[in-house]
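Let me begin by presenting the structure, written as C-alpha cells, before commenting on it.
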Amino acid sequence: MPATCPSCSWPSPMLISSRGTTRYLRCVCGKWLVDQQGRVSLMAGGAPSRRRAAVSEPVVESLAAKVAELARLTAEVDR
C-alpha cells in the first residue's frame with residue numbers, strides 16, 4: 001500500500017531505500033517520510049508548511065543525513 005504524504009497529500013512519495021518492512025521515502029514537497037508497515041511514522045525536513053514539524057530541527061538534520069547515507073550505502077550494495 002503506497003504511503004501518502006501527511007504534509008501535502010501527495011499519493012506516491014519516491015522510495016529512496018528500504019529495510020524489512022520499513023521504507024524511507026522522499027516526497028515532492030521535500031519531506032522525508034519513514035513508512036513502517038504501510039503507515040507514515042515520521043516526517044521531517046522540506047519547506048516549512050502550515051503544520052509544525054513532527055520533530056525538532058536537529059533531529060530533522062540528523063535524519064536527513066542518515067537517510068542520505070543509507071541510500072548511498074544501499075546503492076553501493078546493489079552494484
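Because the structure is a prediction, the values reported are computed rather than measured. Starting from 1, each residue takes its place in the sequence as its number.
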*Does V34 reach the side chain of Y24, with side-chain heavy atoms less than 4.5 Å apart?*
yes

*Please examine the side chains of S7 and L33, heavy atoms only from C-beta on, and report whether any two atoms are closer than 4.5 Å.*
no

*Do you reckon V67 sits in the same ILVMFWY cluster as L73, going by side-chain contacts under 4.5 Å, direct or chained?*
no

*Treat each ILVMFWY residue as a node, draw an edge where side-chain heavy atoms are under 4.5 Å apart, and state whether V40 and V28 are in one component.*
no

*asked:* How long is the straight-line distance from SG of C5 back to CZ of R26, given to the nearest 0.5 Å?
replied: 10.5 Å

_Spacing of CZ belonging to R23 relative to CD belonging to Q36, to within rounding of 0.5 Å_ = 11.5 Å

*Do you know the tightest heavy-atom contact between I16 and L25?*
CG1-C, 4.2 Å

*With the threshold set at 4.0 Å, does a side-chain nitrogen-carboxylate oxygen contact exist between K66 and E69?*
no

*What distance do D35 atom CG and T4 atom OG1 have between them, rounded to the nearest 0.5 Å?*
9.5 Å

